[in-house]
Asks: 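Here it is, the structure, as structure tokens.
For the numbers below, each heavy atom of this structure counts, side chains included, while hydrogens, waters and symmetry mates do not.
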Amino acid sequence: MTEAGSLDKTSASRRREGAALRQVRVGGASKAELLAQLEAAGVALNEAGKSLFADERFTTSAVTSLREVVELAVAELGFAEGATWAQVIERAMSQGLTPCPLELGPHLRLQFLDQAEGFLGQPVTQHRAPPGSLTVASLPIAEDDDTPKGFYLRRIEGVLWLRGYRSGADHLWSPEDRLVFCRAGD
């Protein structure tokens with residue numbers, strides 16, 4: 001796979017402590033450039049995703065860096081019954097993981113083009129992460145419930161999506177919900 005637009009297959013397939021590891025190139029593009037790259041790749045955005053891009057508090061870095069990210073389920077953080085976002089973040093940080101910058105979501109979407117289908121044959125969900133989705137753990141740009149909290153990735157009937165989501169502080173993340181965190185120090 002190419003450096004500019006795809007994940008390194010070696011790092012994408014590595015496993016440590018049951019969690020998938022990936023290297024993600026972040027930065028080096030403005031929000032307008034990211035939106036153009038997403039459009040060129042055929043990635044769809046929902047209204048909440050578009051709202052995040054339109055928010056002046058969502059910024060991008062002009063400097064390109066390589067970030068190691070870890071994908072794991074809420075249960076892999078030790079929450080067999082699920083947990084709130086605050087509990088998830090606290091536990092992840094105690095395990096050497098940190099929230100990702102918000103801009104990692106669009107970059108990850110552009111580099112993770114072979115995401116498995118998550119829609120076909122699955123029930124419609126509401127007020128929880130959909131089957132097959134991958135939520136990028138990032139700190140919200142606002143605490144109010146009207147502003148989207150971050151991005152998640154999904155493939156729906158063959159179409160790649162970068163979707164924004166909203167959730168309140170009391171939302172319980174399910175044990176099977178898949179999250180992406182940055183490795184501390186990266």
Asks: Closer than 3.5 angstrom, by distance alone: can the side chain of T60 be matched with the main-chain N or O of A29 as a donor-acceptor pair?
Replies: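 Yes: the side chain of T60 pairs with the backbone of A29.
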Asks: Tell me whether L179 shares a hydrophobic cluster with L139, the cluster being built from Ile, Leu, Val, Met, Phe, Trp, Tyr side chains joined at under 4.5 Å.
Replies: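 In one cluster: no.
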Asks: Suppose the criterion is salt bridge (Lys or Arg N to Asp or Glu O under 4.0 Å): which pairs have a residue in residues 81-95, not counting sequence neighbours?
Replies: none
Asks: For the side chain of N46 and the backbone of G164, is there at least one donor-acceptor N/O pair under 3.5 Å apart?
Replies: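 Side chain of N46 to backbone of G164: a pair is present.
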Asks: Is there a donor-acceptor pair under 3.5 Å between the side chain of Q111 and the backbone N or O of L108?
Replies: no
Asks: By the side-chain hydrogen bond (donor to acceptor under 3.5 Å, both in side chains) test, which pairs, at least two apart or in different chains, include something from residues 99-110?
Replies: E103-H107, R109-Q115
Asks: Does the side-chain contact (heavy atoms from CB on, under 4.5 Å) test come out yes or no for L77 and Q95, once each step is laid out?
Replies: CA-CA 8 Å; L77 287 169; Q95 295 181 16; 3.7 Å; yes
Asks: For the CG atom of L110 and the CG atom of L34, what is their distance to the nearest 0.5 Å?
Replies: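 These two atoms lie 6.5 Å from each other.
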Asks: Partners of A73 by side-chain contact (heavy atoms from CB on, under 4.5 Å), sequence neighbours excluded?
Replies: E76, R178
Asks: Keeping R25 on the side-chain end and S65 on the backbone end, is there a donor-acceptor pair under 3.5 Å?
Replies: no
Asks: Test of understanding: with side-chain hydrogen bond (donor to acceptor under 3.5 Å, both in side chains), list the residues that count as partners of D170, not counting sequence neighbours.
Replies: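 Residues passing side-chain hydrogen bond (donor to acceptor under 3.5 Å, both in side chains) with D170: none at all.
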Asks: Scan residues 22-55 for pairs that pass ring-ring contact (aromatic ring centres under 6.0 Å, His included), counting only residues two or more places apart or in two chains.
Replies: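 For residues 22-55: F53-F58, F53-F151.
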Asks: Give every residue pair that meets the salt bridge (Lys or Arg N to Asp or Glu O under 4.0 Å) criterion with at least one member in residues 29-54, sequence neighbours excluded.
Replies: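 Output for this query lists E47-K50.
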Asks: Donor-acceptor pair, K149 side chain versus A142 backbone, under 3.5 Å?
Replies: yes
Asks: For E157, is there any backbone N or O sitting under 3.5 Å from a side-chain donor or acceptor partner on E117?
Replies: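 Side chain of E117 to backbone of E157, a donor-acceptor pair under 3.5 Å: yes, one is there.
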Asks: State which residues pass ring pair (Phe, Tyr, Trp, His ring centres under 6.0 Å) with W173; sequence neighbours excluded, sorted by chain then number.
Replies: W85, Y165, H171
Asks: If the condition is side-chain hydrogen bond (donor to acceptor under 3.5 Å, both in side chains), which residues does S51 pass it with, not counting sequence neighbours?
Replies: none
Asks: Restricting to side-chain hydrogen bond (donor to acceptor under 3.5 Å, both in side chains), what partner residues turn up for S61, sequence neighbours left out?
Replies: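 So S61 forms no side-chain hydrogen bond (donor to acceptor under 3.5 Å, both in side chains) with any residue.
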Asks: Considering residues at least two apart in sequence or located in another chain, which fulfil the side-chain contact (heavy atoms from CB on, under 4.5 Å) criterion with A44?
Replies: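 side-chain contact (heavy atoms from CB on, under 4.5 Å) check on A44 returns V159, W161.
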Asks: Provide the full list of salt bridge (Lys or Arg N to Asp or Glu O under 4.0 Å) pairs with a residue in residues 52-66, sequence neighbours left out, each pair given once.
Replies: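 Checked against salt bridge (Lys or Arg N to Asp or Glu O under 4.0 Å) - neighbours excluded - the pairs reaching residues 52-66 are D55-R57.
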Asks: Can you list every ring-ring contact (aromatic ring centres under 6.0 Å, His included) pair that touches residues 31-52, not counting sequence neighbours?
Replies: none
